[in-house]
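Proteins come first, then strands; the chains are lettered A, B, ... in the order of their sequence lines, and each starts at number 1.
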Amino acid sequence: MRKVRVRFAPSPTGPLHMGGVRTALYNYLFAKKHGGDFLLRIEDTDQTRYVPGAEQYIIDALKWCGIEPNEGVGYGGDCAPYRQSERKPMYKPYAEQLVEKGWAYYAFDTSEDLENIRKQAELAKMPNWQYNSISRMTMKNSLTLPSDEVQRRLSAGDPYVIRFKMPRNEEVRFQDLIRGWVVFSTNELDDKVLFKSDGMPTYHLANVVDDMTMNISHVIRGEEWLPSAPLHVMLYKAFEFEAPLFAHLPLILKPDGNGKLSKRDGDRLGFPVFPLEWTDPATGAISSGYKENGYFPKAFINMLLLLGWAPGNNQEIFTEAEMIEAFSIERIGKSGSKFDPDKTRWFNQQYLRNTPLPELADLLLPLLSEKGYEVTHEYAQSVAQLMMERAVFVQDMLEGDYLFVAPKSFDQEAVAKRWKVGESGSLMKEWGSVLNGIEEFTVENIDVAFKQFLADKGLGMGAVMPLFRLLLTGTLTGPAAAQVAALIGKEEVIRRIDSGIAQLG
RNA sequence: GGCCCGUUCGUCUAGGGGUUAGGACAGCAGAUUUUCAUUCUGUAAACAGGGGUUCGAUUCCCCUACGGGCUACCA
């Protein structure tokens with residue numbers, strides 16, 4: 001068996017969306033699992049669709065996800081360059097080689113010619129005109145034109161393309177690693193352009209030439225490529241080169257309705273479709289990213305792993321090592337998967353809970369200074385400990401400001417419901433002096449004092465606790481009041497009680 | 001339209017000729033919690049339809065329906 005070498009080969013036509021990330025992930029895991037190579041190749045043969053910044057975005061996004069290539073654009077390697085625009089001179093000889101072997105031919109029909117023919121065919125209720133084994137004999141190409149005419153045009157510099165000469169009445173079959181045998185008849189395939197009149201190869205040629213010269217063993221790519229796989233198989237045959245094994249991944253579908261997940265769905269349904277935030281250089285429109293929304297890259301990747309692949313047991317949370325160990329192409333599903341934003345949140349929650357306190361504190365600190373709160377690392381850890389159970393994202397732990405500053409206002413509804421002017425104030429005043437008498441201001445001691453206080457007053461918890469909480473935090477929800485109190489410290493607690501009473505009466 | 005691919009709870013999926021068709025997310029209901037959240041327990045929820053093959057089909061085959069992809073000098 002060939003050494004495993006796989007590639008992720010996006011076009012820099014925009015930001016990489018999560019479907020692309022999943023494709024990259026599966027390639028990466030497959031390579032790691034088999035001790036192979038994972039390369040990043042940039043397929044920028046269409047100059048008209050080039051988007052500035054997209055390539056860097058792809059590299060950055062993969063890096064953030066932790067699925068880094070060990071070869072390719074931005075990483076170097078023996079097969080450099082990895083950007084197809086930089087490999088431009090390589091392709092023409094391959095195309096010409098195919099012409100010499102009789103697998104391809106020059107065609108001089110202009111885009112306008114073809115457009116007209118398609119239009120006419122449509123009018124004649126033949127909606128799907130193809131440049132193929134039949135129609136090519138009526139077109140302007142090196143098969144129909146006298147050879148001196150072809151030579152004349154070529155040396156005169158007339159624009160031309162090179163088309164693949166798809167044979168007639170043949171069956172192309174190949175074994176897809178996910179779908180099993182897939183069969184196409186060459187009669188349904190057209191004479192695809194391999195080499196464009198602008199001197200660039202098309203995707204098909206460049207892709208095959210690069211996969212050959214980079215010694216790619218397995219092509220793992222999206223299902224949208226399945227229809228062109230037979231052409232690629234034919235190209236390998238024409239080049240007399242061992243074709244890689246193919247695996248065509250099912251698509252990621254939009255959560256509602258039908259169709260594949262698109263850029264617009266994110267804005268429409270309120271979740272990111274891109275790993276990183278992206279600003280469209282042409283329009284300035286911003287598309288949100290998982291990173292900026294507060295997702296852990298590992299949670300994002302873990303979610304993607306399970307979107308179309310299942311381990312066979314019920315494991316859902318995977319470390320990278322476990323992913324690599326468990327992954328196999330055979331266990332990739334055949335049908336498209338609807339993306340589920342809720343489940344994605346759930347993954348993040350799981351990862352948040354599994355993050356050690358010091359790390360959470362590290363993440364919290366910058367968010368805090370953004371809000372103008374400078375606290376110690378130790379304090380941030382305590383905040384994390386108190387809040388992590390009720391958070392999905394790191395930023396959720398900062399929802400209330402009351403762990404850092406006295407409440408500026410009080411929940412009006414809560415006040416109306418719980419606070420009795422005069423009565424509540426004097427009760428809290430008494431409770432305040434009890435608290436003031438506590439030597440070691442710990443959760444346990446506060447609890448003990450509180451129970452004693454209730455007993456002395458002959459009151460139930462519900463009559464006192466909400467008032468205390470209200471003065472402390474301004475709301476009636478959140479972690480246990482005693483825990484908040486212990487965290488912010490006795491002096492601050494007393495201060496808040498006093499100022500709260502002063503405000504509420 | 002043509003070609004190709006697909007179809008198990010609402011969603012992601014496990015399973016596979018004889019199963020109480022399993023798990024997770026979301027939902028619902030209880031319990032715990034001073035509150036919210038968490039947690040726990042429980043509950044509802046699926047083999048697209050029709051033909052075969054077979055003692056038996058959700059599982060294998062065919063057809064239909066539905067869904068998706070492709071159908072450019074785009075990738």
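A sub-4.0 Å separation between OP1 or OP2 of B:rU39 and a side-chain N or O of A:R353 is present. Between A:R41 and B:rA75 there is no side-chain polar atom (N or O) within less than 4.0 angstrom of OP1 or OP2. OP1 or OP2 of B:rU13 has at least one side-chain nitrogen or oxygen of A:S337 nearer than 4.0 Å. A:K260 has a side-chain polar atom (N or O) that falls below the 4.0 Å cut-off from OP1 or OP2 of B:rC70. For B:rG67, neither phosphate oxygen OP1 nor OP2 lies less than 4.0 angstrom from any side-chain nitrogen or oxygen of A:K254.
Look at CD on A:Q350: it is 12 Å from P on B:rU38, rounded to the nearest Å. Following rounding to the nearest Å, A:K338 (NZ) and B:rC66 (P) show an atom-to-atom distance of 16 Å. Between the P atom of B:rC9 and the NZ atom of A:K343 lies a distance of 15 Å, rounded to the nearest Å. Put simply, CD on A:Q483 is 16 Å from P on B:rU38, counting in whole angstrom units. Distance, A:L205 CG to B:rC73 P: 14 Å, rounded to whole Å. The distance from atom CZ of A:R179 to atom P of B:rG68 is 15 Å, rounded to the nearest whole Å. Atom pair A:E316:CD and B:rG23:P shows a separation of 12 Å (rounding to whole Å applied). Residue A:Y91 contributes atom OH, which lies 11 Å from atom P of B:rA75 at whole-angstrom precision.
Nearer the 5' end of RNA chain B, as judged by each residue's closest nucleotide, is the contact made by A:L226, out of A:L226 and A:T48. Checking A:R469 against A:P10, the closest nucleotide of RNA chain B that is more toward the 5' end is the one next to A:R469.
Closest approach to the A:A310 side chain among B:rU71, B:rU13, B:rU34 is made by B:rU13 (side chain taken as heavy atoms from C-beta onward). Nearest to the side-chain atoms of A:E223 among the listed nucleotides B:rA24, B:rC73, B:rC5 stands B:rC5. The side chain of A:R118 has B:rA72 as its nearest neighbour among B:rA72, B:rG22, B:rA75. Side-chain proximity of A:D340 to B:rC73, B:rU34, B:rC25: nearest is B:rC25. Closest contact between the side chain of A:L251 and the listed nucleotides B:rG69, B:rC12, B:rU35 involves B:rG69. Of the candidate nucleotides B:rC25, B:rA75, B:rC73, B:rC73 has the atom nearest to the side chain of A:V193. Among the nucleotides B:rU35, B:rU8, B:rG69, the one closest to any side-chain atom of A:P227 is B:rG69. Nearest nucleotide to the A:S111 side chain, out of B:rC73, B:rA75, B:rU13: B:rC73. Comparing B:rU34, B:rG6, B:rC25 against the side chain of A:M461 picks out B:rU34 as the nearest. Minimum atom distance to the side chain of A:E43 is reached by B:rA75, of the listed B:rA75, B:rC4, B:rC73.
When Watson-Crick and G-U wobble pairs are counted only if both distances are under 3.5 Å, B:rU34 pairs with no nucleotide at all. Pair check for B:rG67 finds B:rC5; Watson-Crick or G-U wobble, both atom distances under 3.5 Å. With a cut-off of 3.5 Å on both Watson-Crick or G-U wobble distances, the partner of B:rC28 is given as B:rG42. Partner assigned to B:rG18 is B:rC55, using Watson-Crick or G-U wobble distances below 3.5 angstrom.
The shortest side-chain heavy-atom distance between A:I220 and A:I329 falls under the 4.5 Å cut-off.
A donor-acceptor pair shorter than 3.5 Å can be found between the side chains of A:D191 and A:Y105. Side-chain atoms of A:Y290 and A:N348 include no donor-acceptor pair closer than 3.5 Å. There is a side-chain donor-acceptor pair under 3.5 Å between A:T213 and A:R87.
Within the 4.0 angstrom heavy-atom criterion, base atoms lie near A:A480. Within the nucleic acid shown, A:D109 comes within 4.0 Å of at least one base atom, counting heavy atoms only. Contacts of A:N128 with the nucleic acid, taken as non-hydrogen atoms under 4.0 Å apart, include base atoms.
By the 6.0 Å contact criterion, CD on A:Q315 is enclosed, its count of non-hydrogen atoms from other residues, nucleotides or ligands being greater than 12.
Between A:Y91 and the options A:L194, A:I162, A:T202, A:D210, a side chain to side chain contact (heavy atoms under 4.5 Å, CB included) holds for only A:D210.
Ring pair A:F271/A:F339 is tilted by interplanar angle, where 30° to 60° counts as tilted.
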